[in-house]
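From a predicted model like this one, the values you see are computed outputs, not experimental measurements. Note that ligands are numbered from 1 as they come in the structure, with each ligand's atoms numbered from 1 the same way.
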Amino acid sequence: MPANFVDLTGRVSIVTGGSRGIGAAAALELARAGSDVAVFDLDGDEAGHAAGAIERETGRKARGYAVDVRKSEVLKQMCDAVAEDFGGIDHLVNNAGVQFVAPVSEFPDDKWSFVTSINLDGVFYATKAVWPHMAARKRGRIVNVASVHGLVASPFKPAYVAAKHGVVGLTRASALEGAPLGITVNAVCPGAVLTDLIRNQAPQLVESFGGGMSEDEALARAFLDEMPSNAFIDPQEVGQLCAFLCSDAARSINGAPISIDGGWAAH
Ligand SMILES: NC(=O)c1ccc[n+]([C@@H]2O[C@H](COP(=O)([O-])OP(=O)(O)OC[C@H]3O[C@@H](n4cnc5c(N)ncnc54)[C@H](O)[C@@H]3O)[C@@H](O)[C@H]2O)c1
């Protein structure tokens with residue numbers, strides 16, 4: 001085992017939703033560890049900019065691709081294109097995700113489909129698309145960015161909680177199939193990470209708490225009270241965990257939902 005035990009030199013990684021937030025941090029940490037990186041996101045230009053920044057900082061090859069993870073056929077075509085452009089696929093970080101907050105009785109049907117199609121169906125489609133490439137090499141790493149909400153629930157997030165619990169189940173099922181093929185599949189389960197996904201909830205939270213507070217105070221009340229660490233998680237921490245799970249050092253970790261939540265799920 002190399003002295004730097006997260007050595008991904010010569011590997012090729014795909015990160016979905018890699019233009020910003022946790023996905024951008026994961027893409028950067030994978031490249032810092034030596035991997036070339038394909039950034040998948042809705043907007044091809046934004047994915048390209050994110051890839052360009054990674055290439056400038058790390059010197060690794062990085063490219064952006066316009067991919068909507070709800071489209072199984074597009075994912076297949078783009079994964080095949082990455083295998084062609086980069087010479088194979090070693091790692092997939094299934095990170096693209098969205099949130100919508102409303103009580104069950106008022107939750108719009110189309111928002112249910114919106115959240116579950118991206119947060120769960122997209123993970124399945126991408127897993128299916130990379131699988132033959134990894135199986136052919138008898139090696140692969142899939143890291144699903146689930147959530148603490150893959151392990152415990154919060155009110156007003158029924159679609160998100162259901163989808164993330166589904167991701168943990170899919171992680172376990174695909175890990176069992178992957179093991180004989182040299183493919184590991186794990187889930188990371190972050191608590192609150194200060195990205196757009198969390199910040200966008202601030203106005204609604206202020207309102208639900210009856211007003212009279214700043215958005216930062218509302219975010220602290222909603223999220224920090226859940227985390228015994230009383231601190232938001234940095235996207236880089238989640239990115240580094242993803243990189244570790246892609247390394248040879250993590251070869252015996254399989255089918256595991258791994259908490260990175262300041263103790264939230266320990267309640
Ligand atoms: N921020 C948190 O506190 C937190 C906690 C636990 C889990 N997560 C999970 O981490 C992942 C990343 O979240 P984030 O906080 O970085 O959010 P973010 O909103 O900052 O980034 C999400 C990214 O996904 C992309 N995306 C959205 N829909 C897509 C689609 N259909 N196809 C391809 N890309 C798409 C967006 O364009 C964006 O780049 C999500 O799966 C989220 O559920 C976040």
Is the number of heavy atoms from other residues, nucleotides or ligands within 6.0 Å of NZ (K76) greater than 12?
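For K76, atom NZ is not crowded (no more than 12 foreign heavy atoms under 6.0 Å).
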Specify the protein heavy atom at minimum distance from [atom]: its residue, its atom name, and the distance to 0.1 Å.
| atom | value |
| --- | --- |
| atom 22 (C) of ligand 1 | G97 O, 3.8 Å |
| atom 14 (P) of ligand 1 | T195 OG1, 3.4 Å |
| atom 36 (C) of ligand 1 | D41 OD1, 3.4 Å |
| atom 13 (O) of ligand 1 | L197 CD1, 4.0 Å |
| atom 6 (C) of ligand 1 | P190 O, 3.3 Å |
| atom 44 (C) of ligand 1 | I22 CD1, 3.6 Å |
| atom 7 (C) of ligand 1 | A146 O, 3.1 Å |
| atom 24 (O) of ligand 1 | G17 CA, 3.5 Å |

What I want to find out is whether E215 reaches R199 closely enough, with some N-O distance under 4.0 Å, to be called a salt bridge.
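Between R199 and E215 there is no salt bridge, as every charged N stays at least 4.0 Å from the carboxylate O atoms.
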NZ/NE/NH1/NH2 to OD/OE distance under 4.0 Å, R20 and D196
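Judged by the 4.0 Å cut-off on N to carboxylate O distance, R20 and D196 do form a salt bridge.
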Spell out, as yes or no, whether a donor-acceptor pair under 3.5 Å connects the side chain of E217 to the backbone of S214.
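A pair under 3.5 Å: yes.
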Cation-pi check for F114 against K111: NZ or CZ below 6.0 Å from the six-membered ring centre and within 45 degrees of the axis, yes or no?
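Here K111 passes the 6.0 Å and 45° test against F114.
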Looking at F209, does the NZ or CZ of R221 lie under 6.0 angstrom from its six-membered ring centre and within 45 degrees of the ring axis?
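Yes; both conditions hold, so R221 lies above the ring face of F209.
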Does ligand 1 have an atom that lies less than 4.0 angstrom from a heavy atom of H149?
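No heavy atom of H149 comes that close to ligand 1.
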Measure the distances from the heavy atoms of G191 to every atom of ligand 1 and state whether one is below 4.0 angstrom.
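Yes; G191 lies near enough to ligand 1 that a heavy-atom distance drops under 4.0 Å.
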Identify, by atom number and element, the atoms of ligand 1 in contact range of I198, meaning under 4.0 Å from any of its heavy atoms.
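Checking each atom against I198, I get 1 (N), 2 (C), 3 (O).
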I want to know if ligand 1 touches V69 in the polar sense, i.e. an N/O pair below 3.5 angstrom.
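Such a contact does occur with ligand 1.
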Looking only at distances, can you tell me whether any N or O atom of N95, backbone or side chain, sits closer than 3.5 Å to an N or O atom of ligand 1?
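Yes - when backbone and side-chain N and O of N95 are compared with those of ligand 1, one distance drops under 3.5 Å.
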Honestly curious: do I14 and L170 fall in one hydrophobic cluster under the side-chain, below-4.5 Å linking rule?
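I14 clusters together with L170.
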Under 3.5 Å, is there a donor-acceptor pair linking the side chains of S13 and S35?
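On atom types as modelled, these side chains qualify, holding a pair under 3.5 Å.
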Heavy-atom pair of closest approach, residues V93 and V145
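Looking at all heavy atoms of both residues, the closest pair is CG1-CG2, 3.9 Å.
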Part of Q99 within contact of ligand 1 (heavy atoms, under 4.0 Å):
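No part of Q99 comes within reach of ligand 1.
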Considering [options] one by one, which has a heavy atom nearer to [atom] than any of the others?
| atom | options | answer |
| --- | --- | --- |
| atom 2 (C) of ligand 1 | V238, V193, V145 | V193 |
| atom 33 (C) of ligand 1 | I118, V67, T16 | V67 |
| atom 43 (O) of ligand 1 | Y65, W264, Y160, F40 | Y160 |
| atom 31 (N) of ligand 1 | V98, V123, D68, L75 | D68 |

Checking ring pair (Phe, Tyr, Trp, His ring centres under 6.0 Å) for the pair F107/F100: CA distance, chi angles, key distance, verdict?
CA-CA 9 Å; F107 208 92; F100 187 83; 5.4 Å; yes
Quick check on salt bridge (Lys or Arg N to Asp or Glu O under 4.0 Å): which of R139, K138, R141 does D90 satisfy it with?
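Exactly one pass, corresponding to R139.
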